[in-house]
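A quick write-up on the structure given underneath.
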Amino acid sequence: MKTQACMFWLLLLGFLSQSYVDEQKDLQPDHGDKIIANIGVIVDMGSWEGKVAQSCITMAVLDFNNLNRELFLARLGDKVNVPLLSFSSISSSSEHPYFIQVGDDENNQFHGIAAFLEAFRWRSFVFLYEDTIDARQAQTYIHDILKENHLDVAYQSAISLQATDDQIINEFQTLVMMEASIIMVHLSPSLASRVFINARMLGMISKGYAWIVTSKTMNLLDSQNASVYESMQGVVGFKSYISASNKIQSLTLRWRREFLENDSNVESRELNVFGVWAYDASWVLAEAIERAGIKPSQKWAARVGSKQLDLARLRVSDSGSAILSNITSSNFAGLVGKFQRTNRKLVFETYEILNLIGKEERRVGFWTSAHGLMKEINPAINSSSKILETIIWPGLSSTTPESWLVHMSGKSFRIGIPANARFSELLSLGHDWRHNITTFSGFCIDVFHAAVDRLPYKIAIEYIPFYKHYGTYNDLLYQVHLQNYDADAGDITILSNMSTYVDFTVPYTESGVGVVVKLDDGDHWFFLKPLSADLWITSACFFFLTGFIVWLVEHRINEEFQAPPTQKIGTALWFSASTLDPVRDHDRKRTKFELVDCSNLRRNVVSKNDLHAFPKGSPLVRDISRAICELREEGKILQMEKKWFSSRSSLLSQETEPPNKPNTLSMDNFLGLFL
């Protein structure tokens with residue numbers, strides 16, 4: 001039998017990791033920088049399952065190594081009570097008290113980016129981020145910050161470090177189809193360089209586009225070659241700010257001299273922010289150790305200068321907690337400003353906003369948490385009329401690109417409508433012969449119109465009927481994929497085989513199960529409420545009338561009717577009652593009535609969820625879905641339902657209060673029977 005699944009011959013496919021600290025065991029020595037454990041994997045690469053498994057294994061290896069590269073050291077620091085200062089963006093304050101982050105505070109930076117987007121009135125944008133553990137962890141607070149500032153991520157994509165050029169191009173083709181113009185990039189320099197080279201090749205670094213890059217790219221952009229700068233013309237980036245003080249200039253000169261002396265073949269570059277952070281962090285650590293009054297022992301002195309870390313001989317530090325306390329209380333004034341500790345992070349709050357033109361990074365402003373966006377670092381000399389210098393956008397344009405919302409405003413959308421809908425209440429087509437106009441009406445149309453009216457931009461709608469002889473509902477949905485229609489509306493249901501071609505909105509009708517409940521536990525006469533009083537009285541009269549007729553016919557020939565009057569009355573009523581069951585059973589067999597689920601009765605108009613369909617990746621899916629949710633919460637959809645289905649049971653499972661009086665059967669319902 002062909003093996004389509006994969007079998008792991010447990011011993012790993014290139015897992016590169018450090019040794020782990022087992023809480024139950026002593027630390028073991030690590031002979032070398034890494035332990036390489038080779039694992040054999042048997043995978044059928046000729047099958048789809050095998051290819052998927054192999055790609056996921058590769059992703060797991062990368063995520064495992066990226067995560068444990070930092071967390072191993074954090075666990076080691078906790079084990080021996082030694083503070084660890086790291087440039088990592090992975091937050092682990094609660095789990096690792098001795099782990100302290102030094103460098104960018106991404107939370108702070110995204111407040112600045114949100115302010116930048118608001119300054120240009122860009123409410124909706126595309127977000128590209130790196131598909132790594134720390135980047136995925138950051139999504140929660142990033143989206144919270146954007147939501148606080150009323151900003152929407154129209155589309156987001158996690159790009160793998162191993163993404164091929166073809167995969168990147170396919171992602172950009174989705175953006176082109178969406179007509180996305182405002183794009184934020186949160187990627188490492190090596191991946192960002194490939195992204196921009198491919199974007200330029202597709203014509204996306206041109207007039208009408210705006211690219212905003214975070215410090216994750218900008219802080220190390222100078223390590224990339226000239227072709228990357230050529231592909232990023234007009235890009236705007238946030239970069240951790242280092243003031244050009246005398247101390248910085250002096251450190252830079254010393255660093256260049258010593259660095260080139262050690263390795264003359266290395267290309268001369270500027271001292272980057274990581275070097276400055278390392279310098280300041282070293283000072284803070286040195287001061288903390290000095291304040292703790294540590295006196296090195298002879299054993300410690302003997303091990304100084306050893307190049308190999310002997311983990312087996314590590315012991316818990318007696319002074320580690322004192323050093324940690326001194327670090328967290330430090331007021332050291334470093335090269336990049338005052339050393340501030342917030343949430344176990346040493347925060348540097350100032351960012352410069354750079355515009356890439358030619359081979360230069362042209363500064364157009366700053367952002368700080370205290371003063372927001374400003375043209376100059378000194379708030380006193382900033383003019384109130386202009387918060388940033390003029391930005392040269394892609395295509396060497398000084399005109400601010402328009403957001404996706406502006407692109408959408410006034411655009412005409414071709415909406416496919418099933419001309420042969422299953423129920424006229426949901427959707428119907430009419431034709432005005434006098435004016436030669438096809439009209440569309442129904443519950444589905446009202447919901448779609450109401451949702452479109454709530455969009456933050458105005459779009460024109462052109463309905464195009466899709467007749468039965470054109471094909472099935474599947475064919476209608478496929479027309480959206482072929483871009484013959486911009487969307488489909490009507491009594492459309494989610495079809496699993498079509499979900500790969502189109503995206504569906506949230507449903508505006510819901511299927512569910514109806515439940516019969518007792519309204520009043522204290523009402524002992526509740527069983528009488530299904531029938532009205534006049535029907536109960538009429539039924540009782542006919543019951544006695546039937547008994548009297550039976551007695552009148554039978555009393556002369558039937559001995560059971562020769563008894564005393566009280567027994568005669570009982571016998572007559574018994575005969576009357578005994579006729580009921582054989583007659584309901586005979587009628588049931590003749591008409592083949594069967595008991596059915598009450599939920600099916602109350603939903604006899606719609607059997608599945610109704611929704612709208614749009615092209616894959618269309619931001620309209622999100623916007624229309626949000627509008628539908630608002631309409632449902634405000635009770636507007638329920639009002640439309642009552643308008644179109646006033647003679648039918650509710651289509652929606654609304655959580656409304658039960659009626660004061662249940663619906664009852666009256667004489668009018670059985671008028672034909674009695675007549």
Side-chain angles (χ1 to χ4, degrees), residues 123-124 152 154 177-180 402-468 470-471 473 475-494 498 501-509 609-632 634 636-637 639-641 643-644:
R123 293 292 178 185
S124 183
D152 292 324
M177 184 181 68
M178 291 170 53
E179 300 185 11
E402 296 178 339
S403 71
W404 184 84
L405 298 182
V406 178
H407 280 305
M408 298 299 292
S409 296
K411 183 177 179 179
S412 179
F413 279 77
R414 293 162 52 88
I415 310 299
I417 300 291
N420 305 98
R422 289 165 283 197
F423 302 100
S424 59
E425 294 93 341
L426 288 172
L427 179 63
S428 63
L429 274 66
H431 194 80
D432 184 347
W433 296 104
R434 182 177 180 183
H435 298 93
N436 194 26
I437 297 175
T438 302
T439 59
F440 302 85
S441 61
F443 176 67
C444 298
I445 297 297
D446 282 3
V447 172
F448 187 73
H449 270 296
V452 168
D453 289 341
R454 286 178 175 253
L455 295 176
Y457 39 86
K458 298 299 180 183
I459 61 175
I461 297 297
E462 177 188 0
Y463 291 122
I464 302 174
F466 186 85
Y467 292 97
K468 191 174 183 179
Y470 292 162
Y473 275 74
D475 298 315
L476 171 61
L477 292 172
Y478 198 66
Q479 295 303 309
V480 175
H481 174 69
L482 296 177
Q483 300 184 18
N484 292 329
Y485 298 149
D486 296 304
D488 287 339
D491 55 337
I492 297 170
T493 58
I494 295 179
M498 294 305 299
Y501 298 105
V502 296
D503 282 342
F504 295 99
T505 65
V506 296
Y508 49 90
T509 62
N609 293 345
D610 288 305
L611 27 75
H612 308 300
F614 290 87
K616 294 291 289 184
S618 173
L620 275 171
V621 174
R622 180 209 57 194
D623 294 340
I624 293 292
S625 294
R626 178 183 298 167
I628 290 173
C629 292
E630 292 174 355
L631 291 169
R632 182 182 293 118
E634 296 172 9
K636 298 296 179 63
I637 290 184
Q639 294 176 10
M640 298 178 208
E641 176 200 341
K643 169 186 172 182
W644 290 100

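- Using a 4.5 Å cut-off on side-chain heavy atoms (C-beta onward), Met640 and His449 make no contact.
- Nearest heavy atom pair, residue Lys643 against residue Asp446, reads NZ-OD2, 3.0 Å.
- Heavy atoms of other residues, nucleotides or ligands lying less than 6.0 angstrom from CD of Glu634 number more than 12.
- Put simply, CD1 on Ile464 and CZ on Phe440 are 8.5 Å apart, with the number rounded to the nearest 0.5 Å.
- No option in Arg123, Arg626, Arg622 other than Arg626 meets the side-chain hydrogen bond (donor to acceptor under 3.5 Å, both in side chains) test with Asp152.
- Residues Ile445 and Ile417 are in side-chain contact: their nearest non-hydrogen atoms beyond the backbone lie under 4.5 Å apart.
- Classification of the Tyr478-His481 ring pair by plane angle, with boundaries at 30° and 60°, yields tilted.
- Ser625 places a side-chain N or O within donor-acceptor distance of the main-chain N or O of Val506, the cut-off being under 3.5 Å.
- The shortest distance between side-chain heavy atoms of Leu429 and Tyr463 does not fall below 4.5 Å.
- Closest approach of Ala627 to Ala451, counting heavy atoms only: CB-O, 3.6 Å.
- Side-chain contact check for Thr505 versus Phe448: every heavy-atom pair is 4.5 Å or farther apart.
- Side-chain contact between His431 and Asn436: present, with at least one pair of heavy atoms (C-beta onward) separated by less than 4.5 Å.
- In terms of heavy atoms, Tyr508 sits closest to Cys444 at OH-SG, 3.1 Å.
- When atom types are taken as modelled, the side chain of Asp486 and the backbone of Arg414 share a donor-acceptor pair closer than 3.5 angstrom.
- Crowding of Tyr501 atom OH: a count of heavy atoms from other residues, nucleotides or ligands under 6.0 Å not exceeding 12.
- The distance from the CD atom of Glu425 to the CZ atom of Phe443 is 11.5 Å, given to the nearest 0.5 Å.
- Rounding to the nearest 0.5 Å gives a distance of 11.0 Å between CD1 of Ile628 and CG of Asp623.
- Heavy-atom minimum distance, Ala450 versus Leu631: CB-CD1, 3.7 Å.
- Closest heavy-atom contact between Leu611 and Thr493: CD1-C, 4.0 Å.
- Between Asp475 and Phe466, some side-chain heavy-atom pair lies under the 4.5 Å cut-off.
- Contact check for His612 versus Leu620: no side-chain heavy atoms found under the 4.5 Å cut-off.
- Once rounded to the nearest 0.5 Å, the distance linking CH2 of Trp644 with OG of Ser441 reads 4.5 Å.
- Nearest approach of Asp491 to Pro418, heavy atoms of both residues: OD1-CG, 3.6 Å.
- Tyr473 and Asp488 are not linked by any side-chain donor-acceptor pair at a separation below 3.5 angstrom, with hydrogens and angles left out of the test.
- Distance check: Leu482 CG to Leu477 CG gives 11.5 Å after rounding to the nearest 0.5 Å.
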Task: Pair Leu455-Ile624, side chain to side chain contact (heavy atoms under 4.5 Å, CB included): steps then yes or no - done: CA-CA 7 Å; Leu455 295 176; Ile624 293 292; 4.0 Å; yes
